[in-house]
Amino acid sequence: MTTLEGRPNTALVVIDVQNEVVGGAYRADEVVERIGGLVDRARAEGVPVVWVQHSDEGLVAGTPEWEYVAALAHPDSEPTVHKHYGDAFEGTELEEVLADAGVGRLVVAGAETDACIRSTIHGAFARGYDVTLVGDAHTAGDKSAWGAPPTPAVIAHTNLYWQYQSAPGRTAAVTDAAEVVF
């Protein structure tokens, strides 16, 4: 259903599952394990896996904190998109990577729910992609000290509103990892 013509394929997009980003995040170990299972299934089904990795002044490229968690080590043959903004499409080659693979539908997992996940799923949807958020495979750190709701509420709210997102010619969905269909 994507509005991107000639792009019938699906990709798994794994966002910012980096040491510092998920260190101390809500249910991080469970989320990383689910993402690992999704990666294994995608590879087995020949579905492209695209890794997104954030850096900025507080998360310096090349440092141990910036590295992907060890449980999700990935081969150089799978593209890694380096970003500096919440939306993984902004100022990156993500669109080109997806276009080259004929991708019009994204399955998204990773961190952080209330920042890079939210920005990227909205950015993808606005650009014409169908977007499935893996409801039990995204997480965030606790930002309640700054007035945010508790992390479980942030995740639940994101899952709630995303399942009702709509626009002409595109679909949005929330699916648990065990139910994802590539």
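Residue numbers start at 1 and run along the sequence shown. Hydrogens, waters and symmetry mates are skipped; everything else that's a heavy atom, side chains included, is used. From a predicted model like this one, the values you see are computed outputs, not experimental measurements.
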Counting N and O atoms only, with roles assigned by atom type, does the side chain of Arg105 sit under 3.5 Å from a partner on the main chain of Tyr129, one being a donor and the other an acceptor? no
When rounded to the nearest 0.5 Å, the distance separating OG of Ser55 from CD of Glu20 is 11.5 Å
Could you measure the distance from the CG atom of Asp130 to the OG1 atom of Thr3? Nearest 0.5 Å is fine. 8.0 Å
With the side chain counted from C-beta on, respond yes when Thr139 and Val22 share a heavy-atom pair under 4.5 Å apart, and no when they do not. yes
Nearest 0.5 Å, please: how far is CG in Leu72 from CD in Gln18? 11.0 Å
Would you say the side-chain atoms of Asn159 and His138 include a donor-acceptor pair closer than 3.5 Å? yes
With the threshold set at 4.0 Å, does a side-chain nitrogen-carboxylate oxygen contact exist between Glu90 and Arg127? yes
Quick one: pull up CD in Glu78 and CG in Leu12 and give me the separation to the nearest 0.5 Å. 9.0 Å
Sequence-distant partners of His82, ring-ring contact (aromatic ring centres under 6.0 Å, His included), two or more places apart: Trp66
Shared hydrophobic cluster, Ile155 / Val21 (ILVMFWY, side-chain heavy atoms < 4.5 Å): no
Closest heavy-atom pair, Ala124 versus Val131, reported as atoms and distance to 0.1 Å, is CB-CG2, 3.7 Å
Does Glu67 have more than 12 heavy atoms from other residues, nucleotides or ligands lying within 6.0 Å of its CD? yes
Quick one: closest heavy-atom pair of Pro48 and Val103, and the distance? CG-CG2, 4.4 Å
Do side-chain atoms of Glu112 reach the backbone of Gly141 as a donor and acceptor pair under 3.5 angstrom? yes
Examine distances only and state if a side-chain atom of Gln53 and a backbone atom of Thr80 form a donor-acceptor pair shorter than 3.5 Å. no
Heavy-atom nearest pair, Gly128 first then Thr2, reads O-OG1, 2.6 Å
Verify, without hydrogens or angle tests, whether Arg170 (side chain) and Phe125 (backbone) share a donor-acceptor contact under 3.5 angstrom. yes
Ala88 and Val81: which non-hydrogen atoms are nearest, and at how many Å? O-CG1, 4.2 Å
Shared hydrophobic cluster, Val154 / Leu160 (ILVMFWY, side-chain heavy atoms < 4.5 Å): no
Using modelled atom types only, decide if a donor and an acceptor are shared between the side chain of Asn9 and the backbone of Ala101 within a distance under 3.5 Å. yes
Could you go step by step and tell me if Val134 and Val107 meet the side chain to side chain contact (heavy atoms under 4.5 Å, CB included) rule? CA-CA 7 Å; Val134 186; Val107 175; 3.4 Å; yes
Could you tell me which residues satisfy salt bridge (Lys or Arg N to Asp or Glu O under 4.0 Å) with Arg41, sequence neighbours excluded, listed by chain and number? none
Checking Arg34 against Asp136 for the side chain to side chain contact (heavy atoms under 4.5 Å, CB included) test, could you report, in this order, the C-alpha distance in whole Å, the side-chain angles of both residues, the deciding distance, and whether it holds? CA-CA 8 Å; Arg34 285 188 191 104; Asp136 60 353; 3.2 Å; yes
Can Val32 and Val17 be said to form a side chain to side chain contact (heavy atoms under 4.5 Å, CB included), step by step? CA-CA 8 Å; Val32 168; Val17 189; 3.8 Å; yes
When you look at CZ of Phe182, are more than 12 heavy atoms from neighbouring residues, nucleotides or ligands closer to it than 6.0 Å? yes
Measure centre to centre between the rings of His122 and Trp162, then say whether the value is under 6.0 Å. yes
Between Thr120 and Gly86, is there a donor-acceptor pair closer than 3.5 Å when you use the side chain of the first and the backbone of the second? yes
In terms of hydrophobic clusters joined by side-chain contacts under 4.5 Å, are Val174 and Ile117 together? yes
Looking only at heavy atoms, which two atoms of Val69 and Asn19 are closest? And how far apart? CA-OD1, 3.5 Å
Nearest heavy-atom neighbours spanning Leu38 and Ala109: CD1-CB, 4.4 Å
Okay, side chain of Arg7, backbone of Gly104: is any donor-acceptor separation there less than 3.5 Å? no
Side-chain donor/acceptor of Tyr68 to backbone N/O of Val52, under 3.5 Å: yes
Here the gap from Thr10 atom OG1 to Leu106 atom CG, rounded to the nearest 0.5 Å, amounts to 8.5 Å
Are Ile15 and Phe89 connected into the same hydrophobic cluster when the rule is that any two of I, L, V, M, F, W, Y join if their side-chain heavy atoms are below 4.5 Å apart? yes
Measuring from Arg27:CZ to Glu33:CD, what's the distance to the nearest 0.5 Å? 13.0 Å
Measuring only between side-chain heavy atoms, which start at C-beta, is Val14 closer than 4.5 Å to Val50? no
Without swapping roles, check the side chain of Thr175 against the backbone of Val180 for a donor-acceptor pair under 3.5 Å. no
For the pair Asp56 (side chain) and Gly58 (backbone), establish whether a donor and an acceptor sit closer than 3.5 Å, ignoring hydrogens and angles. yes
Please verify the inter-ring angle class for His74 with Trp51; under 30° counts as parallel, over 60° as perpendicular, anything in between as tilted. parallel
With a 4.0 Å cut-off, would you call Lys83 and Asp16 a salt bridge? yes
Asp29 atom CG: more than 12 heavy-atom contacts under 6.0 Å: no
Between Asp87 and Arg118, is a salt bridge (charged side-chain N to carboxylate O under 4.0 Å, His left out) present by the stated rule, with each step listed? CA-CA 8 Å; Asp87 181 348; Arg118 185 183 69 202; over 6 Å; no
